[in-house]
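Report on the structure given below.
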Amino acid sequence: MAEETTTVEETTADAPVVRIGDVAAHAGQRVTIQGWIHNRTDKGRLQFLMLRDGSGLIQAVAFHKSVPADLFEQIGTLTQESAVRVTGLVKPDDRAPSGFELGVDGFELVSLAEADYPIQPKEHGTGFLMAQRHLWIRSQRQTAILRIRATIIKAIRDWLDEHDFVLVDTPVLTPSSCEGTSTLFETEYFGEPAYLTQSGQLYNEATAAALGRVYCFGPTFRAEKSKTRRHLTEFWMVEPEIAFADLEDIMEIEEQFVSYVVQTTLAKHRDLLTDVLERDVSKLEGIQGSFPRISYDEAVERLQKGDYPDFPWGEDFGAPHETFLAEQFDRPVFVYHYPTAAKAFYMAEVEDRPEVCRSVDMLAPEGYGEIVGGGQRATSAELIERRIEEHELSREDYQWYLDLRRFGSVPHAGFGLGVERTVAWICGLDHVRETIAFPRMLEKIYP
Ligand code: 4AD
Ligand code: MG
C-alpha cells in the first residue's frame with residue numbers, strides 16, 4: 001500500500017512557496033501556495049478551489065488526470081477553511097481576479113476543517129458576524145479593511161516622523177481624567193483607584209516641554225454610554241503636541257497631515273477601495289490643500305438658518321449637526337472657538353472672550369463627523385486651577401500638570417486623531433465596528 005501513496009515531496013518538489021499576491025512574478029512557473037479553502041466547486045473530473053492566503057485569492061484547478069488519484073480523491077473532500085498546500089503551474093487568466101490561475105499537479109492537506117464553518121457564502125446579520133468576529137476577519141472585505149488600517153497607521157507615523165515629531169509613549173494606567181470624569185473606566189491600583197487613559201495629552205504636554213514636538217499613539221478608553229456608529233469604548237488615537245504653537249499652527253499641520261494620510265492610502269490601495277469596498281474614491285481625491293474654517297458662532301448660524309432653527313448657542317454638536325455642517329463642504333471642515341463650557345478643562349481662552357476657547361475640531365465629509373479634536377492649551381496656572389475647581393477635579397492629582405505652567409510655560413497646542421473614525425471615512429464604512437480587528441463597544445467584549 002505504502003508505495004501507492006503519493007508523498008508530498010514528490011508533488012511539491014522544486015516549486016517555491018509563493019504568496020498569492022506575488023504570483024504575477026512567477027507566471028509560467030510551478031509554485032506552491034499555502035492557504036485556506038475559501039470555496040470549492042466539484043465538477044466531477046475537475047475540482048475548482050478558491051484559495052486565500054491573506055495576500056489575495058487565486059483559483060486552483062485540479063484535473064483528475066493531472067493529479068495522482070489518491071490526492072484527487074482527497075481534494076474532493078475538502079471543506080471550507082481547510083488548510084492546504086497546493087502546487088501547480090501559474091497560468092495567466094484574464095477572467096481571474098488575480099489575473100492568474102493555478103493548474104494543480106500537487107497537493108498536501110495541512111488540516112481538514114470541520115464541516116460546520118459558521119460563516120457561509122451568503123448574507124449574515126451583523127450581530128451574528130460580530131459574535132463570529134474571530135472568523136469573520138478572514139473575509140475578503142474584512143482583510144481589505146485591516147490592510148488599509150495598517151497603511152493608514154503607517155502613513156500617520158511616517159508623516160510625523162518625517163516632520164520631526166518624536167514618538168513618546170504615554171501611560172495607559174492613570175491617576176486622573178483628561179477628558180471629563182463621566183467616561184472613565186475605573187480599575188484598582190494597589191488599593192487606590194486608577195483609570196484607563198482617555199488621552200495621552202496631559203503627558204504629551206510634559207514631553208513637548210522636553211522635546212519640542214512629540215506624539216503619542218496608542219489605545220485610549222472611554223466608557224461611552226452611547227451606542228452609535230462612531231463610538232467605541234477602546235479606540236486608537238494619535239496625539240501630536242507642539243511647543244510654541246498656536247491654534248492657527250495646528251490647523252495648518254492637521255490639514256497637511258490628514259491630506260497626506262488620505263492620499264498615501266489612496267495611492268496604495270485604490271484597487272482594494274474600489275473593487276472590494278466599492279468606495280467612491282473620487283470623494284477622496286480632492287482631500288488636499290487647505291480645508292475650510294468656520295467659527296463655532298458661524299456653525300451655529302448655519303444650523304439655525306438650516307435644518308436646526310432651535311439649536312441653542314453653547315451646546316456641543318451631535319452627530320446630525322456635524323453631518324449637516326460637513327455636507328456643505330467637499331473636504332474636511334475646521335470648526336474653531338467652541339464654547340469654553342462645552343470643552344475640557346485645559347483649553348486656552350480666546351482673548352477678550354472667555355466664553356469661547358481656542359479649540360478646533362475637524363469634521364470629515366460624508367457624515368463621518370469629528371475625526372480630530374484639539375486646540376491651544378491654557379498656559380496660566382491660575383486659569384487651570386480655576387478650571388480644575390469648576391470641573392470638580394481633584395487639585396492634588398494635577399500638581400504635576402500645574403508644574404508645567406510654573407517652570408517655563410509656553411504657548412503650545414496639539415490634537416488627537418481617532419484612527420477608527422479615519423478608517424471608517426477613508427474606507428466608506430457605515431460603522432466603526434469594522435475598522436478594528438476586535439472592536440470594544442457598549443456592553444460588548446466578546447470575542
Ligand atoms: O476630541 P477628543 O476627545 O480629544 C482629546 O482626547 C484630546 N485630548 C486630543 C488632544 O488634543 N491631544 O478625541 C479626539 C478624537 C476624536 O476627534 C475622535 O476621532 C476620536 O478621538 N474619538 C473616538 N473614536 C472612537 N470612539 C470614541 N468613543 C471616540 N472618542 C473620541
Ligand atoms: Mg472631541
Side-chain angles (χ1 to χ4, degrees), residues 149 152 156 160 165 168 170 174 176-185 196-208 213-242 245 247 249-251 253-254 257-258 261 296 316-319 321-322 326 332-336 338-339 342-348 357-364 368-378 401 412-426 429 431-436 439-442 444:
R149 176 190 170 101
I152 289 171
I156 285 170
L160 291 167
F165 286 80
V168 185
T170 51
T174 62
S176 52
S177 91
C178 177
E179 296 296 324
T181 49
S182 66
T183 61
L184 284 173
F185 272 114
L196 300 183
T197 184
Q198 297 168 306
S199 156
Q201 180 199 317
L202 305 186
Y203 296 101
N204 279 345
E205 292 182 55
T207 61
R213 286 180 157 214
V214 296
Y215 70 102
C216 64
F217 198 166
T220 47
F221 305 85
R222 304 217 185 151
E224 302 277 5
K225 313 295 185 303
S226 43
K227 212 178 192 167
T228 80
R229 60 197 201 86
R230 297 175 183 179
H231 286 93
L232 294 168
T233 54
E234 178 178 313
F235 61 96
W236 286 67
M237 182 158 53
V238 58
E239 298 182 84
E241 190 75 26
I242 308 149
L247 188 64
D249 294 327
I250 57 161
M251 285 199 259
I253 289 178
E254 285 180 34
F257 172 61
V258 168
V261 170
Y296 172 86
D316 207 353
F317 301 134
H321 310 118
E322 289 182 354
V333 54
F334 288 116
V335 180
Y336 61 90
Y338 278 80
K343 290 288 180 189
F345 77 97
Y346 49 70
M347 292 284 186
C357 63
R358 296 180 68 76
S359 61
V360 62
D361 283 358
M362 184 193 291
L363 312 183
Y368 286 95
E370 180 202 326
I371 51 167
V372 186
Q376 193 174 329
R377 322 304 188 190
Y401 187 67
H412 62 289
F415 59 91
L417 171 134
V419 169
E420 288 73 19
R421 289 190 193 174
T422 305
V423 174
W425 167 44
I426 293 178
L429 311 177
H431 200 294
V432 287
R433 66 185 155 222
E434 288 182 59
T435 62
I436 184 165
R440 296 290 170 250
M441 291 179 297
L442 185 65
K444 283 209 166 65

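All ligand and atom numbering here is 1-based and tracks the order in the structure. Excluded from the calculations below are hydrogen atoms, water molecules and symmetry mates; all remaining heavy atoms, backbone and side chain alike, are included. Quick caveat: nothing in here was measured; it's all calculated off a predicted structure.
Tested against Trp425 for a side chain to side chain contact (heavy atoms under 4.5 Å, CB included), the candidates Val432, Val258, Thr435 yield a single pass: Val258.
Between Thr207 and Glu241, the side chains place no donor N or O within less than 3.5 Å of an acceptor N or O (distance only, hydrogens not considered). Tyr215 and Glu239 form no side-chain donor-acceptor contact under 3.5 Å, judged by distance and modelled atom types alone. Defined by atom type and a distance below 3.5 Å, a donor-acceptor pair is missing between the side-chain atoms of Gln376 and His412.
Aromatic pair Tyr338/Phe317: ring centres closer than 6.0 Å.
Sorted by chain and number, the heavy-atom contacts of ligand 1 below 4.0 Å come from Glu179, Ser199, Gln201, Arg222, Glu224, Arg230, His231, Leu232, Phe235, Met237, Glu239, Tyr346, Glu370, Ile371, Val372, Gly373, Gly374, Arg377, Gly414, Phe415, Gly416, Gly418, Arg421.
In summary, an N, O or S atom of Glu370 is located under 2.8 Å from the Mg ion (ligand 2).
With salt bridges taken as basic N to acidic carboxylate O contacts below 4.0 Å, one links Glu322 and Arg230.
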